[in-house]
Amino acid sequence: MASAELIEQAIEHKQLAYDQRLLAQRVFAALLQITHDAVTSAYDLLELRGYIRAKLGSGTYVLQENKRVPIDTH
């Protein structure tokens with residue numbers, strides 16, 4: 001999943017900081033010219049892996065490093 005990997009790499013390379021709010025899914029989809037469903041799947045995967053956390057009514061935020069499980073692309 002390319003969009004999940006893109007966000008994961010940005011987090012790993014400190015381009016997105018701990019507790020930083022991510023773009024809204026629709027905005028991110030428009031920016032990358034992909035479907036909203038693709039971004040939803042990416043955010044869901046990253047939340048499952050411990051990279052981000054959705055806060056109802058507030059947005060989606062980057063989590064601390066000790067919660068992360070890297071995505072296996074092989």
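We use all heavy atoms of the structure for the numbers below, so side chains are in, but hydrogens, waters and symmetry mates are not. Note that the structure is predicted; figures quoted are calculated from it, not measured.
Looking at heavy atoms from C-beta onward, Y51 lies out of side-chain contact with I7 at the 4.5 angstrom threshold. Looking at L6 and L32, their side chains come closer than 4.5 Å, going by heavy atoms from C-beta outward.
With sequence neighbours left out, the side chain to side chain contact (heavy atoms under 4.5 Å, CB included) criterion links Q15 to A10, H13. For T40, the side-chain hydrogen bond (donor to acceptor under 3.5 Å, both in side chains) partners are Q25, not counting sequence neighbours. Residues forming a salt bridge (Lys or Arg N to Asp or Glu O under 4.0 Å) with R53 (at least two apart in sequence, or on another chain): E47. Here D37 pairs with T35 under the side chain to side chain contact (heavy atoms under 4.5 Å, CB included) rule; sequence neighbours left out.
Of all the heavy atoms in V62 and A17, the pair that sits closest is CB-O, 3.3 Å. Here the shortest heavy-atom pairing between S3 and A38 reads OG-O, 3.9 Å. The nearest pair of heavy atoms linking L23 to F28 is CD1-CD1, 4.0 Å.
Atom OH of Y61 sits about 9.5 Å away from atom CG of L22, to the nearest 0.5 Å. Rounded to the nearest 0.5 angstrom, L46 CG and E5 CD are separated by 9.5 Å.
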